[in-house]
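Worksheet for the structure shown next.
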Amino acid sequence: MTLVRVRRNIQIGYERMSYTPPSQPDSPEKLRVRFAPSPTGYLHVGGARTALFNWLFASHFGGTLVLRIEDTDLERSTPEMVGGILQGLQWLGITWDEGPYYQTRRVDLYRAAAARLLENGAAYYCFCRREELEARRSKAAQEGRPTRYEGTCRRIGRGEALRRKDAGEPAALRFAVPENGSTGFDDAVFGNVEFANTELEDFVLLRSDGSPTYHLSVVADDIDLRITHIIRGADHISNTPKQVLLYQALGAAMPVFAHVPLILGPDRTRLSKRHGATSVTTYREEGIVPEAFRNFLALLGWTPPEGIPEVLSDEELIRLFGLDAISKSNAVFDRDKLDWFNTEYIRTYPAEKLLPLVEEEWKRAGVTPTRDRNSLLAAIDLLKARARNLKDFVGSFRAFFTEEFEPDPAAVEKFLKDASVRRMLVELGERYAVAQDFSEQGTEKVLRDFAAEKSVKAGALINGARVALTGQGVAPSLFAVMSNLGKERTTQRLKNAPSLVVTPAAR
RNA sequence: GGCGCUAUCGUCUAGGGGUUAGGACGGAAGAUUCUCAAUCUUCAAACCCGGGUUCGAUUCCCGGUAGCGCUACCA
């Protein structure tokens with residue numbers, strides 16, 4: 001069964017591997033993609049998914065992933081805000097090959113491109129004042145007319161424009177969009193998308209202070225960095241024709257555009273802060289394992305071939321990933337499924353891999369383990385099958401690592417209510433104190449013999465002992481717990497059983 | 001408002017002119033057991049609406065509706 005599945009994977013992987021990106025028929029090694037976030041201080045879930053898709057795509061074809069920080073909005077960007085994004089990528093295990101480039105440091109490039117466009121006749125100076133434009137726009141909106149710029153300054157003669165500019169009149173540089181025809185592109189995900197040129201306004205390239213705007217800098221950068229495939233959020237679809245026009249006006253080769261659908265909150269609106277966590281670092285803090293998050297993100301909008309299980313290592317993800325299997329419709333962020341991925345990963349991790357992650361949780365929660373490394377590893381191995389989240393290791397599993405734990409009152413109430421059970425547990429503790437064999441079998445024999453001797457159901461003692469030993473009504477098999485905890489703790493905690501009821505807990 | 005994109009179980013999706021419309025998460029029931037998780041077995045759950053085209057549309061076409069996106073001297 002397993003063999004068959006593996007072989008099938010390989011076949012499918014090979015098929016996908018043989019797909020050659022349209023723009024680079026003979027040299028897939030020249031494939032270059034980029035992730036270009038704005039520095040908002042943290043890595044957004046949607047951005048993380050875009051970054052992941054770029055990374056998977058580049059890795060699949062052995063291409064290059066470029067990281068570029070789009071910080072041309074001086075008002076909103078500070079250098080410190082880049083840190084959060086880099087950390088988020090690092091946590092997710094997404095590595096880049098080039099960069100980060102900072103757009104604010106590449107302004108000369110954009111100005112040069114702008115100069116070329118001005119020379120070309122593809123761009124013109126606009127002397128309209130901001131307030132003036134805003135007034136016109138709001139009036140047009142009120143009257144139900146289109147609000148786009150009508151090209152007032154486009155009609156100013158070149159000579160006059162240059163003269164006014166030289167005279168020091170503030171001017172923005174606008175792109176002259178062709179007055180008729182249409183502009184389209186063949187999207188790798190959405191297929192052919194066309195826009196009438198009359199729908200595109202003469203957008204600003206350079207602000208009147210000389211700073212470049214988004215469209216100019218992205219295109220100039222993507223050309224300069226020789227980006228072959230632009231994989232980004234579908235919110236950019238409407239921007240793309242403007243950029244296509246820019247590529248044409250600059251005489252550059254057109255990249256392949258691949259727009260990926262957006263990630264929505266449970267209410268089907270765009271994922272935002274009011275849906276809870278939008279920053280990947282939050283998931284880290286919530287006890288999600290990075291691989292689980294990555295796997296989950298990969299499956300949001302992309303589907304592996306039929307018959308392939310959804311839990312996929314990064315190697316498998318890379319092998320299987322392709323633009324052709326990206327969905328066109330937006331996807332809702334499903335926290336339940338993320339949690340499922342998380343448990344899938346945690347339970348299959350070797351304890352050695354889990355320990356450092358768990359140690360981070362202990363540190364955060366102020367837990368100082370009172371056991372040596374080997375028994376900690378053994379405890380983690382015992383517990384991981386029941387873990388859903390790293391937080392469990394400081395929550396319900398706490399008694400396995402430290403003496404400072406608080407019994408769950410509900411569990412005490414349920415299993416230690418009976419005073420005779422408590423008395424028997426104390427007595428049982430004495431038996432364990434002199435027990436030789438502390439293996440699972442050994443500890444089980446002691447309890448079952450004791451139960452038979454007292455003619456009580458073993459189950460009642462088992463459940464009671466579980467609470468006494470772990471403070472929880474839910475834990476792994478009791479005898480595995482005893483064997484893991486060892487003689488000392490087992491006897492001690494059993495003898496302590498009555499105190500759990502009288503005094504809820506000592507902290 | 002204009003333009004663009006999208007539309008299969010609650011969610012992520014597969015599929016495609018004739019299918020018992022498949023899988024995964026979640027949900028329900030049962031088995032197992034010292035609890036819980038896991039595991040196993042079952043079950044419920046979907047083709048947005050209306051017109052075409054066709055012998056036959058969930059699938060193709062058109063329209064509607066809804067959702068989302070863009071509509072800045074933001075990115």
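Residue numbers start from 1 in every chain, and the chains themselves are labelled A, B, ... in the order their sequence lines are given, proteins ahead of strands. If you're wondering where the values come from, they're calculated on a predicted model, not measured in any experiment.
Considering only the side chain of A:Trp340, B:G26 comes nearest among B:G26, B:G4, B:A72. Distance from the side chain of A:Leu262 is smallest for B:C68 among the nucleotides B:A75, B:C68, B:U35. In this structure, the nucleotide among B:A75, B:A38, B:C73 sitting nearest to the side chain of A:Ala172 is B:C73. Listed nucleotides: B:A72, B:G26, B:U13. Nearest to the side chain of A:Thr303: B:U13. When the nucleotides B:A75, B:C34, B:C73 are ranked by their closest atom to the side chain of A:Arg130, B:C73 comes out on top. For A:Val474, taking side-chain heavy atoms from C-beta onward, the closest of the listed nucleotides B:C73, B:U35, B:A75 is B:U35. Of all nucleotides listed (B:C25, B:U6, B:G22), B:G22 comes nearest to the side chain of A:Glu306. Of the candidates B:A7, B:C34, B:G23, the closest approach to any side-chain atom of A:Ser329 belongs to B:A7. Checking B:A75, B:C25, B:C34 against the side-chain heavy atoms of A:Asn239 singles out B:A75 as nearest. Of the candidates B:C73, B:A24, B:U6, B:C73 carries the atom nearest the A:Arg137 side chain, counting heavy atoms from C-beta on.
Between A:Asp222 and A:Arg34 there is a salt bridge, with a side-chain nitrogen of the basic residue lying less than 4.0 Å from a carboxylate oxygen of the acidic one. Between A:Glu201 and A:Arg174 there is no salt bridge, since no side-chain nitrogen of the basic residue lies less than 4.0 Å from a carboxylate oxygen of the acidic one. Salt-bridge check for A:Glu344 with A:Arg388: failed, with every basic side-chain N at 4.0 Å or more from each acidic carboxylate O. We find that A:Asp449 and A:Arg431 are not joined by a salt bridge, their nearest charged nitrogen and carboxylate oxygen being 4.0 Å or further apart. Remark: A:Glu286 does not engage A:Lys391 in a salt bridge, criterion side-chain N to carboxylate O under 4.0 Å. For A:Glu169 and A:Lys165, the salt-bridge test fails: no basic side-chain N is under 4.0 Å from an acidic carboxylate O. Ionic pairing of A:Arg148 and A:Glu150 is not present here: no N-O contact between side-chain nitrogen and carboxylate oxygen is shorter than 4.0 angstrom. The existence of a salt bridge linking A:Asp221 and A:Arg68 is confirmed by a sub-4.0 Å separation between a basic side-chain nitrogen and an acidic carboxylate oxygen.
In this structure, A:Cys128 reaches the bases: a heavy-atom distance under 4.0 Å links it to at least one base atom across the strands shown. Within 4.0 Å (heavy atoms only), A:Gly301 reaches sugar-phosphate atoms of the nucleic acid but no base atom. A:Glu194 comes within 4.0 angstrom of sugar-phosphate atoms only, judged by non-hydrogen atoms across all strands, and of no base. At a threshold of 4.0 angstrom between heavy atoms, the contacts of A:His236 include nucleobase atoms, whether or not backbone atoms are also involved. Across all strands, A:Thr343 comes closer than 4.0 Å to no nucleic acid atom at all (heavy-atom distances). Across all strands, A:Asp336 comes closer than 4.0 Å only to sugar-phosphate atoms, never to a base (heavy-atom distances). Within 4.0 Å of A:Leu133, counting heavy atoms only, lies at least one base atom of the nucleic acid. Residue A:Pro476 is in base contact, counting any heavy-atom pair closer than 4.0 Å across all strands shown. Residue contacts shown for A:Glu201 are limited to sugar-phosphate atoms, with no base heavy atom under 4.0 Å away. Using a 4.0 Å heavy-atom criterion, one finds that A:Ala475 contacts the bases of the nucleic acid, with or without backbone contacts as well.
Base pairing analysis places B:C60 opposite B:G52; the two distances defining the Watson-Crick or G-U wobble pair are each below 3.5 Å. Checking B:A7 for Watson-Crick or G-U wobble geometry (two distances, each under 3.5 Å) identifies B:U65 as its partner. For B:C73, there is no paired base (Watson-Crick or G-U wobble, both distances below 3.5 Å). With a cut-off of 3.5 Å on both pairing distances, B:U19 has no Watson-Crick or G-U wobble partner at all. Under the Watson-Crick or G-U wobble criterion, with both distances below 3.5 Å, B:U41 is paired with B:A29.
The side chain of A:Ser238 contributes no N or O atom lying less than 4.0 Å from OP1 or OP2 of B:C3. Distances shown here put a side-chain N or O of A:Arg448 below 4.0 Å from the OP1 or OP2 atom of B:C34. Remark: A:Arg270 is in phosphate contact with B:C70, judged by side-chain N or O atoms under 4.0 Å from OP1 or OP2. Distances shown here put every side-chain N or O of A:Arg388 at or beyond 4.0 Å from the OP1 or OP2 atom of B:C25. OP1 or OP2 of B:C12 lies within a sub-4.0 Å distance of a side-chain N or O belonging to A:Arg268. For B:C73, the OP1/OP2 oxygens have a side-chain nitrogen or oxygen of A:Arg174 closer than 4.0 Å.
The OH atom of A:Tyr214 sits 15 Å away from the C1' atom of B:U71 (whole-angstrom rounding). Nucleotide B:C12 holds its P atom 13 Å from the CG atom of A:Leu271, rounded to whole Å. Atom-to-atom, CG of A:Leu478 to C1' of B:A37 comes out at 16 Å; the value is rounded to the nearest Å. The distance between atom CZ of A:Arg232 and atom P of B:C5, rounded to the nearest whole Å, is 16 Å. Between the CZ atom of A:Arg466 and the P atom of B:A37 there is a distance of 12 Å, given to the nearest Å. Between the CG atom of A:Asp222 and the C1' atom of B:A75 there is a distance of 13 Å, given to the nearest Å. Atom pair A:His44:NE2 and B:A75:C1' shows a separation of 14 Å (rounding to whole Å applied). If you take CG of A:Leu206 and C1' of B:A72, they are 16 Å apart, rounded to a whole angstrom.
Within the 4.5 Å cutoff, side-chain heavy atoms of A:Leu86 are placed close to those of A:Leu67. You'll find the side chain of A:Pro170 reaches within 4.5 Å of the side chain of A:Arg129, heavy atoms only. A:Asn295 is listed as a side-chain neighbour of A:Tyr345, based on a closest heavy-atom distance under 4.5 Å.
Nearest-nucleotide mapping onto RNA chain B: of A:Asp334 and A:Ile237, the residue sitting toward the 5' end is A:Ile237. Toward the 5' end of RNA chain B, the nearer of the two residues A:Glu199 and A:Ser217, judged by each one's closest nucleotide, is A:Glu199.
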Original post:
What is the per-nucleotide protein-contact pattern of nucleotides 40-50 of chain B, from the 5' end, where B denotes a base atom under 4.0 Å from a protein heavy atom, S denotes such proximity for sugar-phosphate atoms only, and - denotes neither?
Top reply: -----------
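Side-chain N/O atoms of A:Ser208 and base N/O atoms of B:C73 include a donor-acceptor pair closer than 3.5 Å.
Nucleotides B:G15 and B:A21, compared at atom C1', are 8 Å apart to the nearest Å. If you take atom P in B:C48 and the same atom in B:A37, they sit 36 Å apart, rounded to whole Å.
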